[in-house]
Trainee: 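This is the structure I want to talk about, given as structure tokens.
Throughout, a chain's letter reflects where its sequence line sits, starting with A, and its residues are numbered from 1. FYI, side chains are in, hydrogens and waters are out, and symmetry mates aren't considered; it's all heavy atoms of this structure. In this text, all values refer to a predicted model and were calculated from it rather than measured experimentally.
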Number of protein chains: 2
Amino acid sequence: MRHFADEAPAAALESDTVSPVRAMTAAGEANRERILDAALACFARTGLNGTRIEAIALGAGLSKTNLLYYFRSKNALYLAVLTRTLDMWLEPLRAIDADRDPRAALSHYITAKLAAARDHPEASRLFALEVMQGAPMLSAVLATDLKALVDGKVALLRRWQDEGRLKPHDPHHLLFQIWATTQHYADFATQVEQLTGATLADPAFFERTREAILASILGAVLPECAPAAILRQPASPSAREP
Amino acid sequence: MRHFADEAPAAALESDTVSPVRAMTAAGEANRERILDAALACFARTGLNGTRIEAIALGAGLSKTNLLYYFRSKNALYLAVLTRTLDMWLEPLRAIDADRDPRAALSHYITAKLAAARDHPEASRLFALEVMQGAPMLSAVLATDLKALVDGKVALLRRWQDEGRLKPHDPHHLLFQIWATTQHYADFATQVEQLTGATLADPAFFERTREAILASILGAVLPECAPAAILRQPASPSAREP
DNA sequence: CACAGACTTGACCATCCGATCAATTGTGGT
DNA sequence: ACCACAATTGATCGGATGGTCAAGTCTGTG
């Protein structure tokens with residue numbers, strides 16, 4: 001019997017290559033992966049509470065009991081899926097490069113995020129579900145890792161602004177806008193498809209989407225376009241409004 | 001025994017003021033409302049599967065059995081919450097007015113949506129959860145009511161573009177961007193607060209957020225600012241990208 | 001070949017939770 | 001005061017489901 005991570009968000013998962021006399025079989029590793037894939041698909045569609053452990057097992061092609069041999073509990077599995085997906089999900093943000101020109105950096109970031117929304121919508125939905133429920137399993141990671149990562153990029157954006165290479169625009173809101181607009185096409189794919197009849201899988205639609213996002217976001221932060229007194233009318237920040 | 005709506009998405013709920021000999025007591029009506037409020041709070045936080053019917057009863061201040069006297073099943077209650085909230089949620093979109101000047105109309109819409117995200121974040125999360133899971137209970141309504149509403153507004157936006165009062169910008173994407181950016185601050189409030197330390201409840205933060213959104217979206221569609229050749233570098237729509 | 005330990009299985013348990021029922025209390029109208 | 005019906009309650013059922021157990025089978029290594 002060899003069991004793995006459980007509840008603890010800081011779980012170290014397997015690690016220990018000191019191997020307990022004999023390590024995990026190739027078949028075992030393959031099963032673990034298949035389980036994680038199936039679990040991602042299920043959790044992203046129906047959430048933690050909505051998915052039955054048996055459905056995941058079915059998707060992975062093994063029995064419920066056998067699945068529980070690899071992951072001691074549904075929570076442990078959920079956590080494993082979460083951590084496995086997180087790195088991939090944050091990769092594009094990490095890749096924003098101080099050495100590159102701001103326009104290229106932001107343009108690449110937006111494109112990468114939109115491509116991720118197209119290629120891994122389940123990952124997007126998984127995190128969206130988790131965060132929307134208050135991130136009960138992820139709050140620690142968010143408050144440390146993500147915070148640090150974002151702080152760094154915010155500083156970079158500020159520097160670019162100070163150098164006059166970006167228009168003044170709150171860096172946090174810039175990031176939020178990018179996240180929101182790109183992930184929207186993954187998280188609300190159902191709605192998008194019902195209203196437009198298209199999906200990001202359609203290259204033409206992808207390109208139109210990309211251009212629409214680039215137009216509004218780059219237009220707001222790149223200095224070549226005169227600011228134009230866009231904000232003029234009364235604020236009325238509290239009105240529910242007609 | 002008087003029971004109400006059940007599964008059917010097209011449920012007519014109570015209606016019938018023809019009263020079966022004696023209508024519902026004032027206390028009864030009040031209870032119904034309290035249940036719906038409590039249910040909204042719970043469903044928005046933990047989703048349909050994640051909330052126990054007893055938690056809602058507790059939040060509403062009555063017993064589980066008593067709650068089931070007012071709503072014959074958890075699904076019926078969920079559906080009732082959904083439909084009760086939908087009207088309020090779509091109101092700002094309906095209010096986009098052909099008679100108004102495009103700038104004012106869009107600015108008002110964005111402000112109203114952001115205010116709604118601030119004042120009714122649970123509503124936002126409720127629909128987000130529902131749509132993200134494929135809108136199992138709402139797909140019918142979305143495909144008809146919402147579709148019709150959106151089609152109308154898209155036509156209006158197109159007209160404005162044809163008249164030169166808006167820059168060419170796919171109307172669907174414009175709406176999606178507005179929805180995504182405003183609702184993000186409700187749906188991902190946890191994350192936003194962890195990263196910025198602020199909430200929409202803070203008037204200064206609300207105003208900064210509003211300005212950031214207006215700047216990018218209005219900047220992209222209002223004609224006073226020269227387009228500027230923002231989209232120039234290679235598309236590479238498929239690259240995952242470094 | 002033998003054996004240790006990874007892998008797999010089917011039967012089973014315990015509990016949670018949505019829902020029903022029978023019975024009681026409260027209340028507005030006549 | 002009485003009655004019909006709304007409102008409320010506690011007991012209880014039954015199905016679903018997460019998780020355990022004991023008993024295997026398979027496989028690489030000594």
Trainee: Is a side-chain donor or acceptor of B:Arg125 paired with a backbone partner of B:Arg45 at a separation under 3.5 angstrom?
Mentor: no
Trainee: Could you work out, with salt bridge (Lys or Arg N to Asp or Glu O under 4.0 Å) as the rule, every residue matching B:Asp97, not counting sequence neighbours?
Mentor: none
Trainee: What does nucleotides 10-19 of chain D look like as a protein-contact string, B for base, S for sugar-phosphate only, - for none, at under 4.0 angstrom between heavy atoms?
Mentor: BB-----SBB
Trainee: Would you kindly give the OH-to-P distance between A:Tyr70 and C:dG5, to the nearest whole Å?
Mentor: 17 Å
Trainee: D:dA7, OP1 or OP2 - any side-chain N/O from B:Tyr69 closer than 4.0 Å?
Mentor: yes
Trainee: Starting at atom CG of A:Leu62, determine the distance to atom C1' of C:dA6, rounded to an integer number of angstrom.
Mentor: 15 Å
Trainee: Please give, in whole Å, the distance from C:dA6 P to A:Leu67 CG?
Mentor: 18 Å
Trainee: Given 3.5 Å as the limit, does a donor-acceptor pair link the side chain of B:Thr46 with the main chain of B:Phe43, or not?
Mentor: no
Trainee: Calculate the interatomic distance between A:Phe71 atom CZ and D:dT20 atom P; express it in whole Å.
Mentor: 15 Å
Trainee: Taking A:Thr51's backbone N and O only, do any of them form a donor-acceptor pair with A:Lys74's side chain (distance below 3.5 Å, no angle check)?
Mentor: yes
Trainee: Give a yes/no answer on whether the side chain of B:Asn66 brings an N or O atom under 4.0 Å of OP1 or OP2 in D:dA7.
Mentor: no
Trainee: Find the distance B:Leu77:CG to C:dC17:P and express it as a whole number of Å.
Mentor: 16 Å
Trainee: Angle class for the B:Tyr185/A:Phe176 ring planes (parallel below 30°, perpendicular above 60°, tilted otherwise)?
Mentor: perpendicular
Trainee: List for me each residue that meets side-chain hydrogen bond (donor to acceptor under 3.5 Å, both in side chains) alongside A:Arg34, sequence neighbours excluded, and say none if there are none.
Mentor: A:Asn31
Trainee: Return the value, rounded to whole Å, for the distance between atom CZ of B:Arg32 and atom P of D:dA6.
Mentor: 14 Å
